[in-house]
Visitor: 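The structure's right below; bear with me while I get my questions together.
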Amino acid sequence: MSSARSASTPWLLVGPGALFFLAMVILPLVLTVVLSFHVFDHTSGIKNEFTFAHYAAVLSDDYYLGIFWRTLRLAALTTLICAVIGAPEAYILSRMADPWRSVFLLVIIGPLLVSVVVRAFGWSMLLGSTGLVNQALQGLGFAPAKLLYTETAIVIALVHVMLPFMVIPVWTALQKLDPAVEAAAWSLGASHFTALRRVVLPQVSLGMLSGSLIVFGLSASAFAIPGLLGGRRLKMAATLVYDEYMHELNWPLGATIAIIVLAANLVIMLAYNRMVEARARRTLG
């Protein structure tokens, strides 16, 4: 009796979370996949007929492929900039002593408490034709620059929003690193840069991997920032899906675009994950 109860305990503990995951993640995803194979007619709406036409249309149309390429390119650029800025920031944060560490950690996490929409509107005011950035350029004698409704504006805002998701995983990985290891490299004649490159960086590579995957995934699926700072002409995948659902009312085509973007993100993130983990194993032994 006791053995049967002990055998069922793990299932009872996992069951509620698994049911919640199935209901909130797996079931909507399956329904989206099913919807993407339905026929759509502009006069009668969604028909209960099976077709591959939406996938063929999206994958053969340069318009959609261009938006996919822009989405992945801007997401990769955002991830790279966040890694370049976030890793040194996390290293400096890990070397700070209290109370300054807590203060700067709050400064890093604080923006997460503000809505993405509010921050996007803030950047639109800063980067607009009469915003503070152009006013500063004019004050320095330069001509006003077109920043709003450009890829540059989208990347700037995405970096601002996504940077904490890079800093926190790297900082967490640095907490597990013994400072004496880096000091030992210095005592053996290694410069500070060599110690960072040969000792610290391999140890935090998995933290950078986690941060990169989070930043890339969130950037590729971002909606508010591309919608507000990219405008109607500079579309990304999420804004394209929104237009198909809400403006064109072509739900099967919107579901098709969403599934294709999801599949592309998964392939890229899994390949990157395997590459970084293999390199970390070679470096760390």
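We're numbering straight along the sequence, starting at 1.
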Visitor: Grouping I, L, V, M, F, W and Y whenever their side-chain heavy atoms are under 4.5 Å apart, do Ile154 and Ile67 come out in a common cluster?
Guide: no
Visitor: For the pair Trp171 and Leu105, evaluate side-chain contact (heavy atoms from CB on, under 4.5 Å) and give the outcome as yes or no after the intermediate values.
Guide: CA-CA 10 Å; Trp171 177 69; Leu105 186 60; 3.9 Å; yes
Visitor: Which pair of non-hydrogen atoms, one from Met166 and one from Cys82, has the smallest distance, and what is that distance?
Guide: CG-O, 3.4 Å
Visitor: Evaluate whether atom CZ of Phe223 has more than 12 neighbouring non-hydrogen atoms of other residues, nucleotides or ligands under 6.0 angstrom away.
Guide: yes
Visitor: Answer yes if Leu77 and Phe68 sit in the same cluster of Ile, Leu, Val, Met, Phe, Trp and Tyr residues linked by side chain heavy atoms under 4.5 Å apart, and no otherwise.
Guide: no
Visitor: With heavy-atom distances below 4.5 Å as the criterion, would you say the side chains of Ser124 and Leu148 are in contact?
Guide: yes
Visitor: Test of understanding: clusters of I, L, V, M, F, W, Y form through side-chain heavy atoms closer than 4.5 Å, transitively. Do Ile92 and Ile168 belong to the same one?
Guide: yes
Visitor: Within the distance-only criterion (no hydrogens, no angle test), does the side chain of Thr239 pair as donor or acceptor with the backbone N or O of Lys235 below 3.5 angstrom?
Guide: no
Visitor: Give the minimum heavy-atom separation between Asn134 and Gly128, together with the two atoms involved.
Guide: ND2-O, 2.9 Å
Visitor: Do you know which two heavy atoms are closest between Ala120 and Leu228, and how far apart they sit?
Guide: CB-CD1, 3.6 Å
Visitor: Under 4.5 Å between side-chain heavy atoms, chaining through other members, with only Ile, Leu, Val, Met, Phe, Trp and Tyr counted: pull out the rest of the cluster around Leu31, sorted by chain and number.
Guide: Leu27
Visitor: Side chain of Asn265, backbone of Ala220: donor and acceptor closer than 3.5 Å?
Guide: no
Visitor: Are Leu65 and Val58 packed together at the side-chain level, in the sense that at least one heavy-atom pair is separated by less than 4.5 angstrom?
Guide: no
Visitor: Are more than 12 heavy atoms from other residues, nucleotides or ligands located less than 6.0 Å from atom CZ of Phe50?
Guide: yes
Visitor: Would you say the side-chain atoms of Arg119 pair up with the backbone N or O of Ala157, donor to acceptor, closer than 3.5 Å?
Guide: no
Visitor: Please tell me if the side chains of Leu229 and Trp123 come closer than 4.5 Å, counting only heavy atoms from C-beta onward.
Guide: yes
Visitor: I need the minimum non-hydrogen distance between Leu174 and Ser94, along with the two atoms involved.
Guide: CD1-OG, 3.7 Å
Visitor: May I have the step-by-step check of side-chain contact (heavy atoms from CB on, under 4.5 Å) for Val103 and Leu106, ending in yes or no?
Guide: CA-CA 5 Å; Val103 171; Leu106 181 61; 5.9 Å; no
Visitor: Is any side-chain heavy atom of Tyr272 closer than 4.5 Å to one of Phe216?
Guide: no
Visitor: Roughly how far, to the nearest 0.5 Å, is NE2 of His160 from CD1 of Ile85?
Guide: 11.5 Å
Visitor: CD1/Ile81 to OG/Ser219 distance, rounded to the nearest 0.5 angstrom?
Guide: 10.0 Å
Visitor: A quick test of your reading: do over 12 heavy atoms of other residues, nucleotides or ligands sit less than 6.0 Å from OH of Tyr55?
Guide: yes
Visitor: Considering all heavy atoms of both residues, which atom of Ala90 and which atom of Val170 are nearest to each other, and what is their separation?
Guide: CB-CG1, 3.6 Å
Visitor: Check for a donor-acceptor pair, side chain of Asp41 on one end and backbone N or O of Lys47 on the other, with a separation under 3.5 Å.
Guide: no
Visitor: Heavy-atom distance under 4.5 Å between the side chains of Phe40 and Trp251, does that happen here?
Guide: no
Visitor: Run Leu127 and Thr152 through side-chain contact (heavy atoms from CB on, under 4.5 Å) and show every step you take.
Guide: CA-CA 10 Å; Leu127 301 177; Thr152 302; over 6 Å; no
Visitor: Can you find a heavy atom in the side chain of Tyr245 that is under 4.5 Å from one in the side chain of Leu253?
Guide: no
Visitor: Which heavy atom of Ser221 sits nearest to which heavy atom of Gly217, and what is that distance?
Guide: OG-O, 2.9 Å
Visitor: When rounded to the nearest 0.5 angstrom, what distance separates CG in Leu209 from CE in Met269?
Guide: 9.0 Å
Visitor: Between atom CG of Leu234 and atom CZ of Arg70, what is the distance when rounded to the nearest 0.5 Å?
Guide: 4.5 Å
Visitor: Roughly how far, to the nearest 0.5 Å, is OG1 of Thr32 from CZ of Phe37?
Guide: 12.0 Å
Visitor: Find out if a path of hydrophobic residues (ILVMFWY) with successive side-chain heavy-atom gaps under 4.5 Å connects Ile156 to Val84.
Guide: no
Visitor: Mind checking whether Leu240 and Thr71 have side chains closer than 4.5 Å, heavy atoms only?
Guide: no
Visitor: Measuring from atom CG of Leu74 to atom CE of Met236, what distance do you get when rounded to the nearest 0.5 angstrom?
Guide: 5.0 Å
Visitor: Please determine whether residues Leu163 and Ile109 belong to a single hydrophobic cluster, defined as Ile, Leu, Val, Met, Phe, Trp and Tyr linked transitively by side-chain heavy-atom distances below 4.5 Å.
Guide: yes
Visitor: Test side-chain contact (heavy atoms from CB on, under 4.5 Å) on Leu249 and Glu244 and set out the steps.
Guide: CA-CA 6 Å; Leu249 300 180; Glu244 293 298 335; over 6 Å; no
Visitor: Between His54 (side chain) and His38 (backbone), is there a donor-acceptor pair under 3.5 Å?
Guide: yes
Visitor: For the backbone of Ala255 and the side chain of Ser36, can you confirm whether one donor and one acceptor N or O come within less than 3.5 Å of each other?
Guide: no
Visitor: Side-chain contact, heavy-atom cut-off 4.5 Å: Leu218 with Met162?
Guide: yes
